[in-house]
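Structure, as structure tokens:
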Amino acid sequence: MLQNTEDQSQKSVASSSLEGQSNDDSFENIWQELKWRGLVHVSTDESELEQVLSGAPITYYCGFDPTAPSLHLGNLVQLLTMRRLQLAGHHPLGLVGGSTGMVGDPRPTAERSMNTKETIAEWVGYLQGQVARFLSFEGDNAARMVNNLDWTAPMSAIDFLRDIGKHFRVGTMIKKDNVASRLSSDEGISYAEFSYQILQGMDYLELHRQYGCLLQTGGSDQWGNLTSGTELIRKVEGKQVHAFGTPLITNSDGTKFGKSEGNAIWLDPNMCSPFSMYQFWLNSADADVIKLLKVFTFKKRDEIEALAAAVEDRPHAREAQRVLAFYVTSLVHGEEATQKVIDASGALFGKADLGLLDEATLVAATSEVTRVVVDREELSVLNLLVASKLAGSLSAARRTVGDGGAYVNNVKIADPDSVIDDTDLLHGRYLLLRRGKRTLAVIEVEA
RNA sequence: GGCAGAUUACCCGAGUGGCCAAAGGGGGCUGACUGUAAAUCAGCUGGCAUCGCCUUCACUGGUUCGAAUCCAGUAUCUGCCA
């Protein structure tokens, strides 16, 4: 069950997609660039941290807990921040939380449901691979992957309480935001989740001792956990180490960032297709797109400022959205997959008559879209909406048609009882099904 | 361990025997207008064989012609006491 972190990091040697990434040398130092990109929300002593980051290479870390089989866009902010620091010459430690994932970081709302140790171990493996893809494992400041289970699992409860627990004051612990909000809620908080901050503090101490780690980064919601580490190290080692938290990325209209169709945008292509990811970025609001370019790309300041001007002058052209969508989708899924997605988007959202596309083009264009094979007997529009998951149930499908939101081959369907006949099939076996303006699925009819 | 309270649909939250598939809000979906944007306005938002039927108000059982509502037990959470 225990993942060997050495093996993992070697297996996931950085891909060529890291080539061409660099920081913007028009900034005085990396700290200034991070601030310009809006990546610093809170930090330990800022002038000191800026000095540390401007000096000789240091070792820093950021952790990812296995709460799902994949990382998502929120984690991508951290991954890219790590990469920026690496490009500035510092040594990254990519931590996957084999132990912390078993305990659960307290969410403000409710206790986390526990997953089995087997599941967590499996997810740890997936996350290690994903984290590794965004860091370079070559050169003077090669990244290293670590798993906190390696130093947590062998520790006895008594050692934990004496060596670590003794340094934590409950009064301080219950004041941390996540804990405090849970304590004042009806839900309360379990001792396990309450202890989470100690585990994360211990991680930082361990990495400080083992690798001389001097900086931890994370989301600003992690601030309490970040400082629990800096405080522990100060008490135990008498050393001042650093941490900073990136802001929570928000949408200007107040909705949650990083969701599409109610689902998180995952980095795993099996959980969120490159097509969906591209569409997600392309649909960014004008008010958000520049901020997103700063956070999610390595585009330089002058390029981003030019795009900001483009948004002002010709918003309908959506140049910034296109750059953002191409850039980030390429970063996560590679340029080749992204180019296919762009071609598909052109074909599917364009004005072209689908019947005029030759079969090869159609198949290529739709290769990234949800594809469902159905039996020839099942060709009612309502069935197809359900089979393709465009509608959650027959009732929902009926509503969609009633709302005027169902299209077959870009033609609106008015009658809920419509049945597809052979003449509607493209190349004798394909149908393009759409719900609303932009949710697509391809139906392939079994001969 | 004792006492008191809570548990309603994706979330918050009304409902204290029939008029309850369950008010209201949030979120979400769809439409109109647009630029596959935002804002605005409108409709929808348990399931199905859709003018009807079925399953839901923590769980199990009971009272009743009839229960989200009453009773008993169980679970989980919260508070106070020990």
Side-chain angles (χ1 to χ4, degrees), chain A residues 106-114 174 179-194 250-264 273 275-293 307-308 310-326 329 341-352 365 368-369 380-383 385-386 388-407 410 412-417 419 432-441:
Chain A
R107 289 180 297 183
T109 47
E111 196 82 7
R112 288 180 187 273
S113 57
M114 279 214 190
I174 61 174
V179 174
S181 63
R182 282 281 293 284
L183 280 172
S184 62
S185 76
D186 289 348
E187 186 90 7
I189 187 169
S190 68
Y191 183 71
E193 290 198 0
F194 176 60
T250 54
N251 290 335
S252 54
D253 61 6
T255 56
K256 266 187 194 154
F257 170 80
K259 300 257 178 177
S260 164
E261 297 281 308
N263 301 312
S273 72
F275 181 84
S276 302
M277 176 174 283
Y278 182 84
Q279 290 293 321
F280 170 80
W281 294 110
L282 191 66
N283 284 313
S284 301
D286 295 355
D288 297 320
V289 67
I290 297 304
K291 176 176 71 186
L292 297 174
L293 279 164
L307 286 167
V311 173
E312 284 287 316
D313 298 344
R314 324 174 271 286
H316 53 276
R318 295 188 302 153
E319 291 163 52
Q321 279 90 343
R322 284 178 214 286
V323 170
L324 177 69
F326 176 77
T329 311
V341 165
I342 292 173
D343 294 344
S345 301
L348 302 178
F349 287 108
K351 303 278 187 277
E368 293 295 336
V369 177
S380 81
V381 169
L382 295 182
N383 274 335
L385 283 166
V386 174
S388 62
K389 301 213 169 76
L390 253 40
S393 66
L394 278 179
S395 296
R398 201 178 288 273
R399 267 180 243 124
T400 297
V401 175
D403 288 344
Y407 300 79
N410 287 343
K412 183 179 285 193
I413 300 299
D415 177 10
D417 297 317
V419 175
L432 181 68
L433 199 61
R434 176 154 61 91
R435 194 199 70 221
K437 284 180 190 168
R438 44 184 180 238
T439 313
L440 297 166

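Chain letters run A, B, ... following the sequence lines, proteins first and then strands; every chain starts at 1. The shown structure was predicted, so the numbers you read here are calculated from the model rather than taken from an experiment.
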Closest nucleotide among B/C48, B/U36, B/G35 to the A/L394 side chain
B/C48
Any idea which of B/G35, B/A49, B/G31 is nearest the A/K437 side chain?
B/G31
For atom [atom1], what is the distance between [N] and [M], given to the nearest Å?
N     : M     : atom1 : value
B/U7  : B/A39 : C1'   : 39 Å
B/U69 : B/G15 : P     : 15 Å
B/A72 : B/U63 : P     : 15 Å
B/C54 : B/C44 : P     : 25 Å
B/C57 : B/G46 : C1'   : 12 Å
B/A14 : B/C71 : C1'   : 24 Å
B/G47 : B/A22 : P     : 13 Å
B/C77 : B/C59 : C1'   : 15 Å

Mind checking side chain to side chain donor-acceptor pair (under 3.5 Å) for A/S190 and listing every partner two or more places apart, or none if nothing turns up?
A/E111
Between A/P106 and A/I189, the two heavy atoms sitting closest are CB-CD1, 3.9 Å
Closest non-hydrogen atoms of A/R182 and A/E193, given as atom of the first, atom of the second and distance, are NH1-OE1, 3.0 Å
Does [X] have a side-chain nitrogen or oxygen under 4.0 Å from the phosphate oxygens OP1 or OP2 of [N]?
X      : N     : answer
A/R399 : B/G47 : yes
A/R434 : B/U36 : no
A/S393 : B/C48 : yes
A/Y407 : B/G31 : yes

Can you tell me the distance, in whole Å, between the [atom1] atom of [X] and the [atom2] atom of [N]?
X      : N     : atom1 : atom2 : value
A/K389 : B/C29 : NZ    : P     : 18 Å
A/F257 : B/G27 : CZ    : P     : 19 Å
A/D417 : B/C48 : CG    : C1'   : 14 Å
A/L282 : B/A38 : CG    : P     : 12 Å
A/R322 : B/A37 : CZ    : P     : 12 Å
A/E319 : B/A37 : CD    : C1'   : 14 Å
A/E193 : B/C77 : CD    : P     : 12 Å
A/L390 : B/U30 : CG    : C1'   : 12 Å

Does any N or O in the side chain of [X] come within less than 3.5 Å of the main-chain N or O of [Y], such that one atom is a donor and the other an acceptor?
X      : Y      : result
A/S388 : A/L385 : yes
A/K291 : A/T250 : yes
A/R434 : A/G436 : yes

Along RNA chain B (nearest heavy atom to each residue), the more 5'-positioned of A/S252 and A/D403
A/D403
Residue met sooner reading RNA chain B from 5', once A/Q321 and A/S395 are mapped to nucleotides
A/Q321
Need the pair for [N]. Rule: Watson-Crick or G-U wobble, both distances under 3.5 Å, any strand; none if unpaired.
N     : result
B/A75 : B/U7
B/C33 : none
B/C51 : none
B/U69 : none
B/G24 : B/C12
B/C80 : B/G2
B/U56 : none

With a 4.0 Å cut-off on heavy atoms, is [X] in touch with a base, just the backbone sugar-phosphate, or nothing at all?
X      : value
A/I189 : sugar-phosphate
A/R398 : base
A/D253 : sugar-phosphate
A/A285 : sugar-phosphate

Indicate the ring-plane relationship of A/W281 and A/F257, choosing parallel, tilted or perpendicular according to the 30° and 60° boundaries.
tilted
Should A/L440 and A/F275 be marked as a side-chain contact (heavy atoms from CB on, under 4.5 Å) after you check the CA-CA gap, both sets of side-chain angles, and the distance that decides it?
CA-CA 10 Å; A/L440 297 166; A/F275 181 84; 3.8 Å; yes
